[in-house]
Colleague: 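Have a look at this one before I ask anything.
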Amino acid sequence: MSTITLKPIPSKAHHHIPIPSSSFPAGYVLGGLHVGVKKKAGAPDLAVILSTSEKPTSAAACFTRNAFKAAPVLVSDEILKRNGGYARGVVVNSGCANAVTGKQGMDDAWAMVKETDALLSSKSSSFEHETLVMSTGVIGQNLPISQIVTGIRSQAQGNDTTRILGSDFAAWESAAQAFMTTDTFPKLRSRTFTIGGVEYRMAGMDKGAGMIHPNMGPAGTTFDSPSKQLHATLLGCILTDAAVSPKSLQSALTYAVDRSFNSISVDGDMSTNDSIYILANGAAAPDGLIIDEQTDKDAYEVFRNELTEFAADLAKLVVRDGEGATKFVTVTVKGAPTYQDAHNIASRISTSALVKTALYGEDANWGRILAATGSVPLLPSSAGAAAPVINPAKVNVTFVPSDGTSPLPVLVNGEPEQVDEVRAKEILSLEDFEVMVDLGMAGNGEAQYWTCDFSYEYVRINGDYRS
């Protein structure tokens, strides 16, 4: 007879918070509307985002490395390559992924781009297309493109009865809602930061609750080494009114995504559509001031670090909204030879079905954590060098509560502790806690992953996804 009690899924409504309209970056209008991609009447399923800045708008992206890249991924990749890292618009639909849809899917993605291009201001531009596109939903189905095109056209200047684009909180929130599929709340955040005495703003939205274990890279990248693990649908769009050169914007985004969106897992499955976009329109920047890694490394690093922290905040919202999730768990691996070693091990722990089911059962089964840790080969320091090996006698495992009370070591220098099962249950019954693994090796490699548990509700949601 099972000893597992079915637990109610905790409410996630408190993560949906109002944001003052003054907190959003200048020079953008956006909104979400219902065009009929989703079955539910009135549910926003199309988002349109436009930069209205008079200055050039830099753009960067990190895309899924899945071999079956969806049409919007391929089209947006092509546009960024053609434009050298510039774009002024983003169009997003939810309810249909437009993935594995052949020529029709490519035609539909380009149609969304062209219609949104027509909404942009008529300022002189040398680019044929300036819109990036995203889609999320069921794979293998064609978009209702005529309805989407009609919806985009309804947002043209002069359509006073149908145009809903704006710059206040309601407009940002409706755009975030249009990203959602099985999400239970719109994921929207903002932040203000200062570089060189100039105040800038950054805001962003993302979506994801299932098929989450992203492994994204810059345009044109694929799996480039054995250390790259299959990671997943996650969409995100970050907007800032700072001015950043295209090359530096891509560099900063790649760094940030590796430490945020590429460090989360709900179920270990990579999507065909994972994409994170960022636009930097310079609307708050003094004339001539552009953040660039080559000309002002200090300013660039401040921007990069602000972006990384912000991306991590958005990424954590996805895990908190994981399908059926009852736990939010930080997995920290330290004492590894390199960051990549620590990241790979944290990834493996976070995707272990045995670990995740134990988390749901609030069972301090640390042996599963060790088994996952030991299954990951460490990387050689150089070509031809022998790979380092974990010494089990130096490994420590600790459960760390989020309420500030004392941590609970369960393995110390390879020796099991006499675990206080009552105390372990207290920690694992919390909604938030940390699993810390210290390999005790030479090197300061440390990485974090954010994951959740596997529940009965996850199976129910995904067994019934298409109906």
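These numbers were taken from a predicted model, which means no experiment stands behind them. For this chain, numbers begin at 1 and follow the sequence in order.
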Colleague: Is it possible for you to check whether K12 lies under 6.0 Å from the centre of the six-membered ring of F185, through NZ or CZ, and within 45° of that ring's axis?
Modeller: no

Colleague: Quick one: which of D206, D313, D321 gives a salt bridge (Lys or Arg N to Asp or Glu O under 4.0 Å) with K187?
Modeller: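 It is D321, the one option of D206, D313, D321 that forms the salt bridge (Lys or Arg N to Asp or Glu O under 4.0 Å) with K187.
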
Colleague: Please assess K327 against E362 for the test salt bridge (charged side-chain N to carboxylate O under 4.0 Å, His left out), listing each intermediate value before the final yes or no.
Modeller: CA-CA 10 Å; K327 308 290 182 188; E362 300 173 357; 2.8 Å; yes

Colleague: Between D45 and K40, is the closest basic N to carboxylate O distance under 4.0 Å?
Modeller: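 Result for this pair is no, no salt bridge flagged.
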
Colleague: Over 60° means perpendicular and under 30° means parallel, so tell me whether F63 and Y277 are parallel, tilted or perpendicular.
Modeller: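 Rings of F63 and Y277: perpendicular, over 60°.
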
Colleague: Can the positive tip of R191 be found less than 6.0 Å from the middle of the six-membered ring of F310, inside 45° of the ring normal?
Modeller: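 Judged by the rule, R191 and F310 form no cation-pi pair.
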
Colleague: Indicate the ring-plane relationship of W110 and H129, choosing parallel, tilted or perpendicular according to the 30° and 60° boundaries.
Modeller: tilted

Colleague: Does a side chain donor of either T64 or K69 reach within less than 3.5 Å of an acceptor in the other side chain?
Modeller: no

Colleague: Taking N273 for its side chain and A97 for its backbone only, find out whether a donor-acceptor pair lies under 3.5 Å.
Modeller: yes

Colleague: Testing N98, T272, N93, D108 for side chain to side chain donor-acceptor pair (under 3.5 Å) with S135, which one passes?
Modeller: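 Exactly one option meets the side chain to side chain donor-acceptor pair (under 3.5 Å) with S135, and it is N93.
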
Colleague: Within a radius of less than 6.0 Å around CD of Q104, do more than 12 heavy atoms belonging to other residues, nucleotides or ligands occur?
Modeller: yes

Colleague: Tell me whether the NZ or CZ atom of R259 lies within the 45° cone about the ring axis of Y339 and under 6.0 Å from its centre.
Modeller: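 Yes, a cation-pi geometry.
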
Colleague: Would you check if the side chain of Y449 reaches a backbone N or O of N262 as a donor-acceptor pair within less than 3.5 Å?
Modeller: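 Yes: the side chain of Y449 pairs with the backbone of N262.
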
Colleague: Would you say the side-chain atoms of S190 pair up with the backbone N or O of M202, donor to acceptor, closer than 3.5 Å?
Modeller: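 Flag not set: sc S190 to bb M202 has no pair under 3.5 Å.
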
Colleague: Counting only heavy atoms from other residues, nucleotides and ligands, does the tally under 6.0 Å from CZ of F68 exceed 12?
Modeller: no

